[in-house]
Structure formats: structure tokens, C-alpha cells
Amino acid sequence: MFDAETFVDEAVKGIKAKVGDGKAIIACSGGVDSMVAAALAYKAIGDRLLAVYVDNGLMRKGETDEVRCIMEGRTLNHKVVDAKEQFFSALKGITDPEEKRKVIGERFIRIFEKEAKDFGAEFLVQGTIAPDWVESGIGTGKIIKSHHNVGGLPEDMKMVLVEPLRELYKGEVRKVARAVGIRSSERQPFPGPALSVRCLGEVTEESIEIVREACAIVEEEIRKASAAGMMALPWQYFAVLLPARSVGVRDGARTYGRTVVIRAVASDDGMTAKHARIPIEALETISSRITAELGDSVNRVVYDLTDKPPATIEWE
Ligand code: XMP
């Protein structure tokens, strides 16, 4: 049986032993994994830790402000780096999902290397959990997708990695989150490469804006449906933007717009998943809101009914 309190004691000891008198930075995304890793590292080394949140322009609606607020409410050293332009220019012209992940992993590391140098740190703490390295093919050689914080890391990376959550699955991380008082413990999982893997084809500021709004609508309507007792809150629920265009009609005129996919799954650990049953009324509201609120850029909304396997949860 997993015991969160024992885990916290052991992890703090492990971080102290590895970092010694040194300094570390922690890559904070605001998600539960990185916030828990930050809490453990802070317990271990206090002021010798700097939490760095990178605003890559790919985060969910309101997320950067939310994370800034969470970090400001804690006593740990922290910094927000505005790197939107760097990420969009690095992603220009890239459509292959693995290449996208590698470009993003590399950008993150280059930024962390600079921040670590400025802070005088040689260690990088990451909230990597077991599915990240299992899916990246570590130990199995079977790459499903290179998680940006594992398979997406550049080979010449200069920092020493500290990964206290490496052996845990999401349910265990949530237990540890509650044990160390992290508020984000019930938030739905969100991938490290963020909205870039929910925007198939080339990632542009315009397409990210579309998928960001669509994700916000899906989240809002599914939370409403769940609060109204129409469905259980799924493990994950979001929107995906497809690059293909199709013909539509609005106010008697032809449109040639993009397609948004509604994705919602039930899962225990993200390793397998079953599509969630969203009531048709909620689907209709989501569809009408997306096509009304996103103008002519989206003229079609579809619902993904596949499980994992054979699909994965995210589309890339
Ligand atoms: P897939 O899409 O492979 O995802 O079925 C399983 C779970 O992992 C999340 N995910 C990621 N999390 N870095 C992360 O920290 C990543 O690169 C990454 N890719 C996928 C996904 O949202 C799901 O919860």
C-alpha cells in the first residue's frame, strides 16, 4: 500500500542527499506533478531552490496568471519567464508530432540552463512521473511519444536531473499532493508540450488561440454537466484542433473552416483510457458555443469515441 507520508520523508531525504550544499531550479508548469516536486524540493533545500515557470504561449486560458498567483502565495523563490516568441519561432513550419515535442523539450532546457546559470544552480528538479518515461520508451525501447521532459531532452544538457516522483503514477502523486497541501491536486492532467499537441499541423499563434478558446468551452460545459449530475467528471476533457478544412455555410455564404474534436476520457493512471460518455445535450451546447464563439475559423465539431489503446489520450 502506498503511504504518502513515508514517501514524502524518503523523497526529501533523497533530494538532500543528491543536491548536498548545491542549488537547484525547478521547472514549474503549475500542474500537480511539478507543484508536488517543488514542494518536496523546497522542504529539502529551502532558499537554495528557484521555481521557474516558462510562459511559452501554449498554456490554457488564464493559466499563467493562475500559476503566478500560486507561486506568489508561497514563500519559495520564483520567476516567470516570458518565452512566447522563442517557442512560436522554434515551432514555425514543424508539423511532425515527435519533432514538435523535441523542439519544445530543447527550448525548455535552454531556458532552464540560462536561469540555472544566473541562479548558480547545477541541478534541475522535474516533476517527471512513471508514464512519462514509460511512454518515451526508456527501458522498453518502444517509443509511443517522447514526453518533453524525458525523450524530448537534448543530449548535451548540462544540468543534473533530480526527479523525486519518477516511480509514481498520477493517483499516487495526488495522494502526495494532499499530504503536502497542494491545492492543484484535483486539477485534470495537462501535457508538458501544452496546447501544441492539441493543435495538429503547424502551431501558430492564431491556431493556439482557437484551441485555447475551444478547450475553455469544453472544460466549462463538462464541469457544468457534471455539477448538474448529468455525468461524472472525466479524468481529462479538452478540445483538439485539426488542420484539415471542410466546407460549411453561414448566413447563406460558404465557409471553409477547421474542425474541432471534443475529447473526454475516463482513466486511472493515463496508461489506458476509455472514452467518456458525454450526454448529447452537453455535446450540443459545446458544439453550438464553439461554432458561434470562434466565428468562421471553425465550422465543424466532432466527438472522439476511441479508447486508449488503440488511440492515445492526446492526439499527438
Ligand atoms: P497519452 O496522450 O500518451 O497521455 O495517452 C497520457 C497522459 O499523459 C499526458 N501527457 C503528457 N504529460 N508531458 C506530460 O507531462 C508530456 O509530454 C505528455 N504527453 C501526454 C496526457 O495529457 C495524459 O494525461
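The structure displayed is predicted, hence computed values, not measured ones. As the structure lists them, so they are numbered: ligands from 1, and atoms in each ligand from 1.
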Using a strict 4.0 Å cut-off to heavy atoms of [X], name the atoms of ligand 1 that fall inside it.
X: Lys308; answer: 1 (P), 3 (O), 5 (O), 6 (C)
X: Pro189; answer: 24 (O)
X: Gly270; answer: 6 (C)

Between Phe108 and Phe87, is the ring centroid distance below 6.0 Å?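 Ring centres of Phe87 and Phe108 closer than 6.0 Å.
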Should Glu113 and Lys117 be marked as a salt bridge (Lys or Arg N to Asp or Glu O under 4.0 Å) after you check the CA-CA gap, both sets of side-chain angles, and the distance that decides it? CA-CA 6 Å; Glu113 276 175 349; Lys117 193 162 171 242; over 6 Å; no
With sequence neighbours excluded, tell me which residues meet salt bridge (charged side-chain N to carboxylate O under 4.0 Å, His left out) with Lys16. none
Hey, is [X] close enough to [Y] for a salt bridge, meaning N to O under 4.0 Å?
X: Glu98; Y: Lys145; answer: no
X: Glu314; Y: Arg198; answer: yes
X: Asp118; Y: Lys114; answer: yes
X: Arg212; Y: Glu209; answer: yes

Within-cut-off N or O pair, Lys145 and ligand 1, under 3.5 Å: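 Yes; at least one N/O pair falls below 3.5 Å.
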Geometry only, no angles: is Pro193 polar-contacting ligand 1 at N/O separations under 3.5 Å? no
In the protein, which heavy atom is nearest to [atom], and how far is it?
atom: atom 17 (O) of ligand 1; answer: Arg101 NH1, 2.7 Å
atom: atom 23 (C) of ligand 1; answer: Gln236 OE1, 3.3 Å
atom: atom 22 (O) of ligand 1; answer: Glu314 OE2, 2.6 Å
atom: atom 13 (N) of ligand 1; answer: Gly192 N, 3.2 Å

At under 4.0 Å between heavy atoms, is it the side chain or the backbone of Pro191 that contacts ligand 1, or both, or neither?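 It is both parts that get close, each with some atom under 4.0 Å.
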Which is it for Glu135 and ligand 1 at heavy atoms under 4.0 Å: side chain, backbone, both or neither?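 Side chain only; the backbone of Glu135 stays clear of ligand 1.
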Hydrophobic clusters here meaning ILVMFWY residues chained together by side-chain heavy-atom distances under 4.5 Å, can you tell me if Val261 and Leu294 are in one?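 No; tracing contacts between hydrophobic side chains, which count when under 4.5 Å, never links both residues.
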Evaluating non-hydrogen atoms only, which member of Arg198, His147, Arg263 is closest to atom 8 (O) of ligand 1? His147
